[in-house]
Amino acid sequence: MLDYLIEDAVVFDGSGNDGKVGRVGILDGKIVLDCTCEEASQVIDAKGMIVAPGFIDVHGHSDLFAFIDPLRASKLCQGITTEIGGQCGLSPAPVSEKHLEEFSGYYRSLGVPIYPNGKELTSVGNLFDELDSLNMGINMALFTAHGTIRIAAMGLDPRPADEEDIKMMGNIARDAVDAGALGLSSGLMYAPGSFASQQELTRICEYLRGTGAIYTSHIRNQGNGLIESVRETLEIANDSGLRANVSHHKAVGRRNWGKVRATTEMIHLAGATSDVYPFEASSTTLTATLPPSFFRQGMERVIARLSDQSFCHDLEESIIHTTEEFDNDLLECGYDGILIITASMTPDAIGCTIKQYAQKLGLSPFEAYVKLLLDNKGAVGDVCFSMSKSDVDYLVCDSDCMFGTDSLYVPQAMKMTHPRAIGTFTKILGEYVRDRKMLSMKQAIRWMTGLPADVYGFLSKGYVKEGFDADLVVFNPDRIAANCTYTEPLLPNSGIEYVFVNGKLAVRNGLETGVRAGRVIRHRA
């Protein structure tokens, strides 16, 4: 007897083929398709609905908060059953005793917790074991993160890596891939990734040659230097024998809108991939608005010096009259184009732009900006309105582009977040497929499921196939929608009816059941 039988649904199997009306069974966590004569403990009448493989969030950051929110309800309720973390050069592991203090201080400045239950995560293998013990709500695969590796080897020293440093970082990265990591991620917009040269990254990636590893990057510059930064990513991968992926592909700043057509062609010619979220605003930490040269002083020292008027004058001049190439969101978006979404020590700022917060306090916008950083010790999250709708549309419809939330987690007490955390996949299916008809249903489901499973080597996920893991989404194509907005980002989705993770019912009628059936996915070459 089957555990579940889904009847009369239109089944899209993740291959890019047309959907077909049929039945899908679940037994012992696996998909059963030859079930015409089978009985089931529970039968789901899915007439008028679609059954698809569970969606794969190819770019998430839940690993940073997995020990706080193992259920991951905000992912489950948009149909996500697998997430790929360890992105943008940031990860909870590995930690070295020698540079523990620097690691802890830096990650706390980002608002990121350090250890589960006080344990130090000294290797990615150790992190996998800890995640396995959580009984997570969704499956999790991970990259090993260059920034975390660099801190483990060199601390926050901005100097060029020498041969000994390269050897240490390369061996750490190889150990991580041997333990099951997908490859190496970098975050070259952030310290300490911003300290690394192209040569350093290539040399580390060479340690992963022949493993099937992927190099994925939050590139050095998504604005004026977009084309050069994409070229750097592709060259690092090519020179080291790895495959490349450009994380959250975008063009920042009005003067750069349209450049994604050139960078997309570059990615296609290189046989690489990219990922995208369907929103015109990005989200990161407010410290990312600091010029890269200031990071060389160390984050804690920079924050401490914000009480020095002379230092702040130099900082303002460096932002307004910058000679550095970086994603200068303050210059590109203006103080009225940056929305504060997390700031635990100044909760009255949450939901305000920097300009609005300044008006509340009777300060200049720059003074309010400094106050936010100083009062919160740098741990401020923001949303930056810097992208073009036409660019986003173009990338969402690119055949080699996959989808990611680029989001952390959404606890019940959170007031604000970026709407991509709640509604990335439902927005694509509701807006881009049904309403605007820019994508067909079979294309969208392919790029959410089978394509990322193929790219990242998930051998039993991403497809509705006999014997595959029963990660499934049942949704109503007429109702599916992301209701979240920038001002009300926590509004729940419509149309997601059922979600199964490894054969267990994790979402019923759009609400999580509390079942935690996710597993760590360890990559094998």
Side-chain angles (χ1 to χ4, degrees), residues 59 84-91 93-94 96 99 103 106 124 142-178 181-222 225-249 263 266-267 270-275 288 292-293 295-296 324-327 456 523:
H59 187 108
I84 301 176
Q87 304 281 359
C88 299
L90 300 172
S91 172
S96 69
H99 297 293
F103 175 87
Y106 178 68
V124 169
L142 292 174
F143 279 91
T144 189
H146 166 259
T148 303
I149 288 173
R150 202 178 204 270
I151 295 175
M154 302 173 59
L156 288 168
D157 194 331
R159 64 177 172 81
D162 60 26
E163 283 299 316
E164 185 177 343
D165 300 324
I166 294 289
K167 182 178 180 181
M168 182 178 295
M169 288 189 282
N171 284 327
I172 292 172
R174 180 57 188 256
D175 287 345
V177 169
D178 288 344
L182 298 175
L184 183 75
S185 81
S186 65
L188 305 185
M189 176 180 163
Y190 309 105
S194 57
F195 306 150
S197 66
Q198 180 173 337
Q199 181 185 23
E200 173 184 322
L201 292 156
T202 302
R203 292 284 307 282
I204 294 170
C205 285
E206 285 174 350
Y207 280 75
L208 309 181
R209 190 189 301 270
T211 64
I214 293 172
Y215 172 64
T216 188
S217 183
H218 179 142
I219 59 177
R220 207 174 291 273
N221 188 301
Q222 299 173 127
L226 173 64
I227 290 174
E228 294 79 9
S229 296
V230 169
R231 182 178 296 117
E232 177 187 37
T233 296
L234 299 177
E235 288 176 352
I236 289 168
N238 181 69
D239 293 347
S240 59
L242 306 189
R243 289 180 294 151
N245 182 76
V246 175
S247 296
H248 39 63
H249 192 189
T263 50
M266 293 165 62
I267 290 166
T273 55
S274 62
D275 55 70
S293 59
F295 286 111
R296 295 179 179 274
E324 299 182 61
E325 280 294 342
F326 73 109
D327 291 347
Y456 292 107
H523 181 264

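Only this structure's heavy atoms are used, side chains among them; waters, hydrogens and symmetry mates stay out.
Distance alone, capped at 3.5 Å, places no donor-acceptor pair between the Thr233 side chain and the Val246 backbone. Looking only at distances, a side-chain donor or acceptor of Arg150 sits under 3.5 Å from a matching main-chain atom of Asp157. In this structure a side-chain-to-backbone donor-acceptor pair under 3.5 Å is present from Ser96 to Ala152. Side-chain atoms of Ser194 do not come within 3.5 Å of backbone N or O of Leu188 as any donor-acceptor pair. Side chain of Ser186 to backbone of His146: no donor-acceptor contact under 3.5 angstrom is found. At distances below 3.5 Å, at least one donor-acceptor pair connects side-chain atoms of Gln87 with backbone N or O atoms of Ile84.
The side-chain heavy atoms of Thr202 and Gln199, taken from C-beta on, include no pair separated by under 4.5 Å. The shortest side-chain heavy-atom distance between Asn245 and Thr273 falls under the 4.5 Å cut-off. The shortest distance between side-chain heavy atoms of Met266 and Ile227 falls below 4.5 Å. Residues Asn221 and Met189 fail the side-chain proximity criterion, which asks for heavy atoms closer than 4.5 Å.
Remark: Asn171 engages Lys167, Tyr207 in a side-chain contact (heavy atoms from CB on, under 4.5 Å) (not counting sequence neighbours).
Taking all atoms of both residues into account, the shortest heavy-atom contact from His523 to Tyr456 is CD2-O, 3.5 Å. Residue Gly86 comes nearest to Ser91 through the heavy atom pair CA-CB, 4.5 Å, listed as atom of the first residue, atom of the second, then distance. When all heavy atoms of Ala244 and Leu234 are compared, the closest pair comes out as CB-CD2, 4.0 Å. When all heavy atoms of Gly147 and Pro192 are compared, the pair lying nearest together is O-CG, 3.4 Å.
Separating the OG atom in Ser185 from the NE2 atom in His59 is a distance of 8.0 Å, to the nearest 0.5 Å. Separating the SG atom in Cys205 from the CE atom in Met169 is a distance of 11.0 Å, to the nearest 0.5 Å. Between Thr144 atom OG1 and Leu182 atom CG the span is 10.5 Å, to the nearest 0.5 Å. The line from CD1 of Ile236 to CG of Leu201 is 4.5 Å long, rounded to the nearest 0.5 Å. Leu226 contributes atom CG, which lies 4.5 Å from atom OG1 of Thr263 (distance to the nearest 0.5 angstrom). Interatomic distance, Leu208 CG to Arg174 CZ, rounded to the nearest 0.5 Å: 7.0 Å.
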Review point. Can Ile219 and Val230 be said to form a side-chain contact (heavy atoms from CB on, under 4.5 Å), step by step?
Key: CA-CA 7 Å; Ile219 59 177; Val230 169; 3.9 Å; yes

Exercise for review: Could you give me the CA-CA distance, side-chain angles and deciding distance for Ile204 and Ile172, then say whether side-chain contact (heavy atoms from CB on, under 4.5 Å) is met?
Suggested key: CA-CA 9 Å; Ile204 294 170; Ile172 292 172; over 6 Å; no

Point to revise | side-chain contact (heavy atoms from CB on, under 4.5 Å) between Phe195 and Met154, intermediate numbers included | key: CA-CA 11 Å; Phe195 306 150; Met154 302 173 59; over 6 Å; no

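Judged as a salt bridge (charged side-chain N to carboxylate O under 4.0 Å, His left out), the pairs with a partner in residues 226-243 (not counting sequence neighbours) are, in order, Arg220-Glu232.
A side-chain N or O of Ser247 and one of Thr216 form a donor-acceptor pair less than 3.5 Å apart.
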